[in-house]
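The model shown is predicted, which means the values in this text are computed figures rather than measured ones. By convention in this document, chain letters (A, B, ...) are assigned in the order of the sequence lines, proteins followed by strands, and residues within each chain are numbered from 1.
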Amino acid sequence: MGAGHSHALYVHEHSVVHRMAPQAKLVAALGMVVSIAITPREAVWAFGFYAAVIAGLTGVSRIRPGFLAVRLLAVAPFVLFALFIPFIATGETTEVLGITVSVDGLWGTWNILAKALLGASVSILLTATTEIPDIIRGLSILRVPALFISITTFMIRYLELIADELGRMRVAMTARGYDPRWISQARPIASSAGALFVRSYERGERVHAAMLARGFTGEMPMPSTEAIDRSQCAGVLMLVVLFAGTAIVALVAT
Amino acid sequence: MSGVIDIRGVEYSYPDGRKVLNGVDLAIAAGERVAILGPNGGGKTTLALHLNGILQPHAGTITVSGVPVAEEHYREVRRMVGLVFQDTNDQLFMPTVREDVAFGPMNLGLTDEALDQRVDAALEVVSGAEFADRPPHHLSGGERRRAALATVLSMEPEVLVLDEPTSGLDLAARRELILTLADLPMTQLVITHDLPLALELCPRSVIMNGGRLVADVTTGDLLEDLDLLAENRLELPYGFDRSTDHPGL
């Protein structure tokens with residue numbers, strides 16, 4: 001994580017995608033994810049097409065495929081679950097490597113695998129090319145309700161701080177010989193979770209006081225909106241139309 | 001009138017009934033710099049929170065520049081009184097320093113160029129241009145303290161209230177902060193345990209203990225009154241009291 005950048009998901013580069021207005025990227029990402037989600041699982045060609053476009057975007061963004069692959073591990077739990085479906089599902093069966101599995105289950109696995117990986121790739125690309133403050137600005141330009149934006153802003157700002165606090169509490173426990181091995185020794189962890197909650201709550205009160213002190217009246221002030229230039233609109237429109245078009249063709253054809 | 005503070009008979013108790021302010025009277029002239037000293041739990045921070053209406057006194061009145069600190073004047077009072085909290089993580093809550101510095105002026109209704117000018121001017125005072133676009137949790141302690149100061153300077157306050165401004169700073173960062181504060185023209189109330197800081201910045205010191213003002217003296221006199229210091233759990237840094245022999249001197 002570079003000193004000047006706000007989160008580990010961001011990759012510092014100077015690509016066209018990095019320079020795009022955040023609201024444009026948000027609209028594009030949403031459009032792409034929705035298209036991927038509604039595409040019928042039998043339209044294998046459509047998923048191939050999505051994968052090709054996403055690979056192209058990754059190249060244009062100068063994101064290393066390795067980075068994408070490592071971040072994709074985040075969907076591993078869902079994928080692991082999906083691998084069990086062919087053995088659990090009922091209906092028509094077939095043999096794969098000598099093992100009897102459900103055909104419907106295989107399609108189910110493919111459906112989850114393809115959609116999870118492609119959808120996650122789109123969000124990884126978004127966060128790798130857009131810093132969090134810009135994503136928040138983009139959301140507010142897109143008229144996402146102010147309350148939602150405030151909650152997101154505070155969550156991102158204080159998550160790291162709360163994690164730090166938890167880390168310090170753990171160090172303090174370890175430093176005094178706490179080394180839990182049995183469930184009966186879990187009590188200090190439970191009470192530290194309680195303490196963390198109280199500390200976070202109190203921090204919330206102090207932050208609120210600091211906001212009041214600077215004239216906060218209950219509504220977050222919003223930055224003035226800036227117009228996005230037409231070439232970006234065209235780019236976003238093209239991507240969304242491409243994905244949505246593919247999804248619709250796939251829906252009609254299957 | 002601008003920057004004049006008048007506190008009369010202010011009393012405040014916590015919800016559990018413990019009395020923290022027990023009739024505080026204090027008058028501060030425009031442009032004056034006053035140190036507020038005293039033991040932990042003496043009521044210093046509680047008094048500070050009264051100055052722009054975060055807490056409301058149960059008795060007594062406070063006026064700032066002639067404006068009573070009361071609900072109908074909160075907007076005006078909060079513009080006039082800039083409160084810099086002890087923990088900078090409480091003060092800096094926006095994704096970047098620049099947005100945090102803009103928070104106050106935006107609440108005052110500033111937009112576009114006027115807003116940018118305010119923000120840039122405030123950042124300039126604290127030499128903060130280089131960390132303006134960084135998130136607060138990536139700043140050093142000294143940078144965070146300067147950023148916190150900028151978030152209230154952007155409101156162009158007439159009064160600055162600083163709660164323990166030097167706590168947790170290394171000596172160079174402390175020095176930079178003192179030089180910045182010494183250059184600011186507005187009325188300043190500095191809550192601190194740092195007696196050399198009080199001596200350097202504030203010609204006048206008041207001591208709060210048990211919810212009352214127990215002393216109101218020049219800082220020079222205070223530092224010579226070892227009994228008064230001891231009564232209020234204050235102490236000169238080791239070696240500064242020349243009236244006794246020190247083995248190392």
Side-chain angles (χ1 to χ4, degrees), chain A residues 1-8 10 12 22 130-140 146 149-165 167-168 199-226, chain B residues 45 48-49 51-55 74-116 130-140 148 151-152 154-155 157 161 163:
Chain A
M1 183 164 33
H5 296 294
S6 52
H7 60 111
Y10 184 75
H12 185 70
T130 324
E131 294 203 65
I132 283 185
D134 290 329
I135 293 183
I136 290 170
R137 213 167 299 130
L139 288 172
S140 82
I149 290 177
S150 315
I151 292 172
T152 315
T153 309
F154 286 114
M155 190 192 74
I156 290 163
R157 169 69 181 93
Y158 288 104
L159 204 57
E160 212 157 314
L161 215 62
I162 291 171
D164 271 1
E165 224 153 313
R168 281 199 299 275
R199 282 193 200 184
S200 306
Y201 184 83
E202 286 175 350
R203 157 108 45 210
E205 286 188 323
R206 293 198 303 274
V207 171
H208 186 238
M211 294 171 76
L212 289 178
R214 281 190 275 153
F216 180 67
T217 50
E219 203 167 305
M220 287 299 270
M222 283 298 152
S224 45
T225 55
E226 46 198 287
Chain B
T45 300
L49 291 174
L51 291 173
N52 68 1
I54 304 295
L55 295 178
Y74 277 169
R75 193 183 149 87
E76 201 179 348
V77 167
R78 285 171 182 170
R79 185 198 64 72
M80 292 193 295
V81 181
L83 216 57
V84 183
F85 286 69
Q86 181 176 357
D87 185 345
T88 49
N89 280 320
D90 296 339
Q91 183 101 25
L92 303 166
F93 45 79
M94 295 293 275
T96 65
V97 172
R98 182 180 297 281
E99 285 168 274
D100 224 307
V101 176
F103 179 83
M106 279 165 90
N107 282 323
L108 300 177
L110 266 66
T111 53
D112 305 323
E113 241 168 75
L115 178 67
D116 292 343
E130 82 263 28
F131 56 72
D133 295 307
R134 280 162 51 187
H137 55 270
H138 287 172
L139 305 185
S140 71
T151 65
V152 301
S154 61
M155 300 184 78
V161 182
D163 196 351

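Taking CZ from A:R206 and CG from B:L49, the interatomic distance works out to 11.0 Å, rounded to the nearest 0.5 Å. We find the CE-CZ distance between A:M211 and B:F93 to be 4.5 Å, quoted to the nearest 0.5 Å. Between the CD1 atom of B:I54 and the CD atom of A:E205 there is a distance of 12.5 Å, given to the nearest 0.5 Å. Here the CG atom belonging to B:D133 is positioned 9.0 Å from the CD atom belonging to A:E131, to the nearest 0.5 angstrom.
Using modelled atom types, one finds a donor on one side chain and an acceptor on the other under 3.5 Å when comparing A:R157 with B:N89.
Heavy atoms closer than 4.5 Å to chain B are found in both the backbone and the side chain of A:L212. With a threshold of 4.5 angstrom between heavy atoms, B:D163 does not approach chain A through any atom at all. Residue B:L108 does not touch chain A at all, counting heavy-atom pairs closer than 4.5 Å. For chain B, the nearby part of A:F154 is the side chain; its heavy atoms alone come within less than 4.5 Å. Contacts between B:V81 and chain A at a heavy-atom distance below 4.5 Å involve the backbone alone (N, CA, C, O). Both the backbone and the side chain of B:T151 come within less than 4.5 Å of a heavy atom of chain A.
Proximity of a side-chain donor or acceptor of A:R214 to a complementary backbone N or O of B:N107 within less than 3.5 Å is not detected.
Across A:A210 and B:Q91, no two heavy atoms sit closer than the pair CB-CA, 4.2 Å. Contact detail for A:P133 and B:T96: the closest heavy-atom pair is CG-CG2, 3.7 Å.
Most heavy-atom pairs under 4.5 Å with chain A: of the set B:L83, B:L92, B:V77, this distinction falls to B:L92. Put simply, of B:D87, B:V152, B:L139, the one with the most heavy-atom pairs under 4.5 Å next to chain A is B:D87.
B:R78 has its side chain out of reach of A:T217: every pair of non-hydrogen atoms, C-beta onward, lies at least 4.5 Å apart.
Residue B:E113 qualifies as open at atom CD: its count of foreign heavy atoms under 6.0 Å is 12 or below.
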